[in-house]
Engineer: 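Before I ask anything, here is the structure I am working with.
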Amino acid sequence: MIIKFNNLDNFLLDELNKKYFLFYGPNIGRVGECLAKIIKCLKSDYKLNVINLHSEELKKGRLIELFSEFQTPNIFGDHTLISLFLSDEKLSKEIINYLSKQNTYNISIVIRSGQLSKKSILRSFFEKDLKSIIIPCYEETFNEKTLLIKEFFEKEKVCFQSDQIKILSDRLPNDRIEIKNELEKVLVLLNDKSKEQPNMNIADLVTDSLEIDNIKFVNDIINGDSHSFFAKYKKFTDFGNDNIKLISYLLDHLYKLSFVKGKLREGKDIKKSMSELKPQIFFKYQNSFVNQIRKFEETDLKIMIRKLIACKKNFIENKSSSNYEFLYTMLIFFNSRDLSKNS
């Protein structure tokens with residue numbers, strides 16, 4: 001059974017006898033809110049035990065074993081909610097076979113996923129099954145973002161004109177959790193800057209906030225920190241459609257490192273050399289920048305710059321191997337000890 005995201009609250013008031021839920025789509029924030037609402041509702045009626053699972057951690061057959069294990073009533077009468085995140089649809093047939101044959105009395109099953117195609121057998125099952133609920137979690141529309149922003153600032157007792165909120169809505173991403181994260185950053189920046197610039201445009205703060213995220217990602221790459229690289233890479237490059245943007249940021253950072261290394265070779269002080277950079281390194285990243293200066297030799301920087309320029313040229317010439325070459329270069333960055341070997 002399909003219901004809309006905005007109708008979930010009303011549905012839960014009338015009918016929580018449904019045991020199987022599928023929340024899917026590109027709006028991870030909405031997917032998370034759906035799960036949170038189910039948990040809150042169940043907790044009002046039961047002593048709830050929540051089990052979080054990820055499909056990548058499960059071997060074939062293990063999921064069904066877990067479903068069966070938690071279905072067994074315990075002496076305390078607890079209710080169990082199994083929250084399963086699917087990274088792909090390899091377990092779809094296994095899930096469908098279990099749900100179509102079983103009556104689960106003391107467990108609820110919530111499946112969360114990214115976008116599922118119209119041909120998805122899991123999506124089709126949940127849409128047709130009367131015991132199941134499926135909610136597609138689409139990206140926020142412009143009007144939905146505007147309402148979220150307005151409600152957020154009203155709660156924080158911050159007043160802005162409607163035209164400023166509309167500009168802000170236009171600049172923010174379309175995922176609910178990213179919107180809320182950005183608004184939290186804007187609120188911090190607003191508190192920091194309002195004393196100096198009481199009449200500043202709120203939309204300018206979003207640009208500052210997004211720019212800080214971009215700089216952090218570039219800084220992480222140069223540091224060799226590969227944690228959540230692909231998630232951040234997709235966001236930064238619009239799912240790989242704007243790799244030249246990332247290359248430009250990386251080159252700018254490497255040129256700054258090279259500039260300061262050159263000044264040090266001339267016998268100048270590191271802090272004074274950094275002060276000559278335009279624009280300046282953000283204060284929170286200055287210690288990291290100093291560590292990078294110490295980590296890389298000038299030859300290392302030249303190698304990285306040369307590789308990135310070659311990657312940029314590949315993208316400009318629309319070569320078929322450009323994406324592979326660029327991501328391979330990122331892999332070399334994360335193993336910077338091997339730079340000279342891969343030059």
Engineer: Got K19 and K131 here, is their nearest side-chain heavy-atom distance under 4.5 Å?
Structural biologist: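 Heavy-atom side-chain distance check fails, nothing below 4.5 Å.
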
Engineer: Hey, do the aromatic rings of F5 and Y138 have their centres closer than 6.0 Å?
Structural biologist: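 When the ring centroids of F5 and Y138 are compared, they turn out to be at least 6.0 Å apart.
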
Engineer: Any non-hydrogen side-chain atom of N314 less than 4.5 Å from a side-chain atom of F326?
Structural biologist: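 They are not in contact (no side-chain heavy atoms under 4.5 Å apart), so the answer is no.
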
Engineer: Kindly indicate, with the supporting measurements, whether the criterion salt bridge (Lys or Arg N to Asp or Glu O under 4.0 Å) is fulfilled by R62 and E65.
Structural biologist: CA-CA 5 Å; R62 179 54 180 156; E65 291 178 1; 3.1 Å; yes

Engineer: Rounded to the nearest 0.5 Å, how far does CD of Q164 lie from CD1 of I167?
Structural biologist: 6.5 Å

Engineer: Check each of L277, D300, L301 against L257 using the side chain to side chain contact (heavy atoms under 4.5 Å, CB included) test, and report the only one that passes.
Structural biologist: L301

Engineer: Following the transitive rule for hydrophobic clusters with a side-chain heavy-atom cut-off under 4.5 Å over Ile, Leu, Val, Met, Phe, Trp and Tyr, establish whether I222 and I244 coincide in one cluster.
Structural biologist: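 Both belong to a single hydrophobic cluster.
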
Engineer: Hey, are N223 and S288 close enough side-chain-wise for a donor-acceptor pair under 3.5 Å?
Structural biologist: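 There is such a pair (donor and acceptor under 3.5 Å, judged by atom type) between the side chains of S288 and N223.
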
Engineer: I'd like to know whether the aromatic ring centres of F217 and F229 sit less than 6.0 Å apart in this structure.
Structural biologist: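 Centroid separation for F217 and F229: below 6.0 Å.
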
Engineer: Using modelled atom types and a 3.5 Å cut-off, is there a donor and acceptor pairing between side-chain atoms of K263 and backbone atoms of D269?
Structural biologist: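 Not a single qualifying donor-acceptor pair exists.
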
Engineer: Might you work through the salt bridge (Lys or Arg N to Asp or Glu O under 4.0 Å) test for K180 and E33, ending with a clear yes or no?
Structural biologist: CA-CA 12 Å; K180 291 185 176 180; E33 280 195 22; 2.8 Å; yes

Engineer: Rounded to the nearest 0.5 Å, what separation is found between the NZ atom of K261 and the OG1 atom of T299?
Structural biologist: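 K261 NZ to T299 OG1: 9.0 Å, rounded to 0.5 Å.
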
Engineer: Using 0.5 Å steps for rounding, measure from the CG atom of L86 to the CG atom of L58.
Structural biologist: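 One finds 9.5 Å between CG of L86 and CG of L58.
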
Engineer: Which residue in the set Q115, E139, E140 passes side-chain hydrogen bond (donor to acceptor under 3.5 Å, both in side chains) when paired with N27?
Structural biologist: E140

Engineer: Indicate yes or no for a side-chain donor-acceptor contact from S124 to the backbone of I121 under 3.5 Å, with no hydrogens or angles considered.
Structural biologist: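 Side chain of S124 to backbone of I121: no pair is present.
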
Engineer: Any donor and acceptor pair, going by atom type alone, linking the side chain of D129 with main-chain N or O of S100 inside 3.5 Å?
Structural biologist: no

Engineer: When you compare the side chains of E298 and S258, does any donor N or O come within less than 3.5 Å of an acceptor on the partner?
Structural biologist: no

Engineer: Does either side chain, that of E144 or that of N174, offer a donor lying less than 3.5 Å from an acceptor on the other one?
Structural biologist: no

Engineer: From the options L81, V110, L8, select the one residue that forms a side chain to side chain contact (heavy atoms under 4.5 Å, CB included) with F21.
Structural biologist: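 Going through L81, V110, L8 one by one, the side chain to side chain contact (heavy atoms under 4.5 Å, CB included) with F21 is satisfied by V110 alone.
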
Engineer: Does any N or O in the side chain of N243 come within less than 3.5 Å of the main-chain N or O of G240, such that one atom is a donor and the other an acceptor?
Structural biologist: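 Side chain of N243 to backbone of G240: a pair is present.
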
Engineer: Under a 4.5 Å side-chain heavy-atom rule over Ile, Leu, Val, Met, Phe, Trp and Tyr, are F152 and L147 clustered together?
Structural biologist: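 No: no chain of side-chain contacts under 4.5 Å links F152 to L147.
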
Engineer: Please name the pair of heavy atoms, one in V31 and one in S113, separated by the smallest distance, quoted to 0.1 Å.
Structural biologist: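 For V31 versus S113, the nearest heavy atoms are CG2-O, 4.3 Å.
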
Engineer: Look only at the side chain of S68 and the backbone of I64, and say whether a donor-acceptor pair between them is shorter than 3.5 Å.
Structural biologist: yes

Engineer: Using the side chain to side chain contact (heavy atoms under 4.5 Å, CB included) rule, pick out the option among F126, F11, Y20 that qualifies with I133.
Structural biologist: F11

Engineer: Before giving the answer on ring-ring contact (aromatic ring centres under 6.0 Å, His included), spell out for Y249 and F236 the whole-Å C-alpha distance, their side-chain angles and the decisive distance to 0.1 Å.
Structural biologist: CA-CA 11 Å; Y249 269 78; F236 191 104; 5.2 Å; yes

Engineer: Does one hydrophobic cluster hold both L66 and L22, with members joined at side-chain heavy-atom distances below 4.5 Å?
Structural biologist: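 Yes, it is one cluster - the side chains of L66 and L22 are joined through contacts under 4.5 Å.
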
Engineer: Quick check for you: to the nearest 0.5 Å, what is the distance between E69 atom CD and T80 atom OG1?
Structural biologist: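 It is 9.5 Å, given to the nearest 0.5 Å.
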
Engineer: Counting distance only, does the side-chain N/O of K145 pair as donor-acceptor with the main-chain N or O of S169 below 3.5 Å?
Structural biologist: yes

Engineer: Is there a path from Y24 to I177 through hydrophobic residues (I, L, V, M, F, W, Y) whose side chains come within less than 4.5 Å of each other?
Structural biologist: no

Engineer: How far does CZ of F85 sit from CZ of R112, to the nearest 0.5 angstrom?
Structural biologist: 6.5 Å

Engineer: On the 0 to 90° scale, with breaks at 30° and 60°, tag the Y46-H79 ring pair as parallel, tilted or perpendicular.
Structural biologist: parallel

Engineer: Would you call I109 and I111 a side-chain contact if the rule is heavy atoms closer than 4.5 Å?
Structural biologist: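 Sidechains of I111 and I109: in contact.
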
Engineer: Looking only at atom types and distance, does a side-chain atom of T146 sit under 3.5 Å from a main-chain N or O of F142, one as donor and one as acceptor?
Structural biologist: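 Here the side-chain-to-backbone pair exists.
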
Engineer: Out of I309, L308, I303, which residue meets the side chain to side chain contact (heavy atoms under 4.5 Å, CB included) rule with R306?
Structural biologist: I303

Engineer: Is there a donor-acceptor pair closer than 3.5 Å between any side-chain N or O of R123 and the backbone N or O of L116?
Structural biologist: yes

Engineer: Using modelled atom types and a 3.5 Å cut-off, is there a donor and acceptor pairing between side-chain atoms of E94 and backbone atoms of G61?
Structural biologist: yes

Engineer: Can you tell me if K232 has over 12 outside heavy atoms packed within less than 6.0 Å of its NZ?
Structural biologist: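 Yes, because the 6.0 Å sphere around NZ of K232 holds more than 12 heavy atoms from other groups.
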
Engineer: Distance from I281 atom CD1 to N287 atom CG, nearest 0.5 Å?
Structural biologist: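 Taking CD1 in I281 and CG in N287, the distance rounds to 12.0 Å.
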
Engineer: Do you reckon I179 sits in the same ILVMFWY cluster as I28, going by side-chain contacts under 4.5 Å, direct or chained?
Structural biologist: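 No; tracing contacts between hydrophobic side chains, which count when under 4.5 Å, never links both residues.
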
Engineer: D220 side chain to D225 main-chain N or O, any donor-acceptor pair under 3.5 Å?
Structural biologist: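 Not confirmed, D220 side chain does not pair with D225 backbone.
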
Engineer: Inspect the surroundings of NZ in K245 and state if more than 12 heavy atoms from other residues, nucleotides or ligands are less than 6.0 Å away.
Structural biologist: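 Yes, because the 6.0 Å sphere around NZ of K245 holds more than 12 heavy atoms from other groups.
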
Engineer: Test I82 against S108 for side-chain contact (heavy atoms from CB on, under 4.5 Å), laying out the working first.
Structural biologist: CA-CA 6 Å; I82 298 176; S108 297; over 6 Å; no

Engineer: Verify the distance criterion only: is there a donor paired with an acceptor across the side chains of S87 and H54 at less than 3.5 Å?
Structural biologist: no

